[in-house]
Amino acid sequence: MIFKYIFITFFSLIFLYALIRPFSSISARLFILFGSIFGILTLVGLEYTQVIADFVGIKRGVDIYLYTGLFTFFLYIAYSFNKMDALSKKISKLTKLIAIKDATTRENKD
């Protein structure tokens, strides 16, 4: 029973952290906010998740965790691919700039 209160405190602190900390993207903030809310709802009782599931149109309250988990997983994959593509473009740009700079310094030496 004590672990229930420890985890409720933990998720509450994460929720407050998400409200206070400035994030670079709104999706990161929403991810932490909704994750902490779902964590608290899981610990408080399944009755509340059933109410949310009924509101959304899902039959069982437990299934809402499956759907949100899958959605979060695919969203994370898309975000990771986008981030890697942006980093790859930055690396290519820096490589081109370094190559041009090296070429111009070699021309000036000769």
(request) State, yes or no, whether a side-chain contact exists between L41 and Y65 at a heavy-atom distance under 4.5 Å. (result)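 Yes - at least one pair of side-chain heavy atoms lies under 4.5 Å apart.
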(request) Could you check if a side-chain atom of D54 sits within less than 4.5 angstrom of a side-chain atom of Q50, using non-hydrogen atoms only? (result)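 Yes, their side chains come closer than 4.5 Å.
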(request) Using a strict 4.0 Å threshold on nitrogen-to-oxygen distance, state whether K89 and D85 make a salt bridge. (result)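 Salt bridge between K89 and D85, a charged N being under 4.0 Å from a carboxylate O: yes.
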Drop me the distance from [X]'s [atom1] to [Y]'s [atom2], to the nearest 0.5 angstrom.
X    : Y    : atom1 : atom2 : value
F81  : I77  : CZ    : CD1   : 6.5 Å
L43  : T9   : CG    : OG1   : 10.0 Å
D102 : R106 : CG    : CZ    : 5.5 Å
Y76  : F71  : OH    : CZ    : 15.5 Å
I2   : K4   : CD1   : NZ    : 13.0 Å

(message) So which atom in R29 and which in R21 form the shortest heavy-atom distance, rounded to 0.1 Å?
(response)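 It is NH2-O, 2.5 Å.
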(request) Locate the shortest heavy-atom distance separating F11 from S36; write the atom from each residue and the value. (result)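 Looks like O-CB, 3.5 Å.
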(request) Specify whether F10 and F7 have parallel, tilted or perpendicular ring planes, treating 30° as the upper limit for parallel and 60° as the lower limit for perpendicular. (result)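 Judged by the thresholds at 30° and 60°, the geometry between F10 and F7 is perpendicular.
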Determine, using the 4.5 Å side-chain heavy-atom cutoff (strictly less than), whether [X] and [Y] are members of one ILVMFWY cluster.
X   : Y   : result
F3  : V44 : yes
L75 : L30 : no
I37 : V56 : yes
I64 : V51 : no
V62 : Y67 : no

(request) Let me know which of L33, I14, I32 forms a side-chain contact (heavy atoms from CB on, under 4.5 Å) with L19. (result)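 So the option named by the test is L33.
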(request) Determine, stepwise, if the pair I8 / S12 fulfils side chain to side chain contact (heavy atoms under 4.5 Å, CB included). (result) CA-CA 6 Å; I8 288 174; S12 299; 4.2 Å; yes
(message) Surrounding CZ of F31 (heavy atoms of other residues, nucleotides or ligands, distance under 6.0 Å), is the total greater than 12?
(response)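 Counting other residues, nucleotides and ligands, CZ of F31 stays at 12 neighbours or fewer.
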(message) Keeping R60 on the side-chain end and A53 on the backbone end, is there a donor-acceptor pair under 3.5 Å?
(response)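 Side chain of R60 to backbone of A53, a donor-acceptor pair under 3.5 Å: no, none is there.
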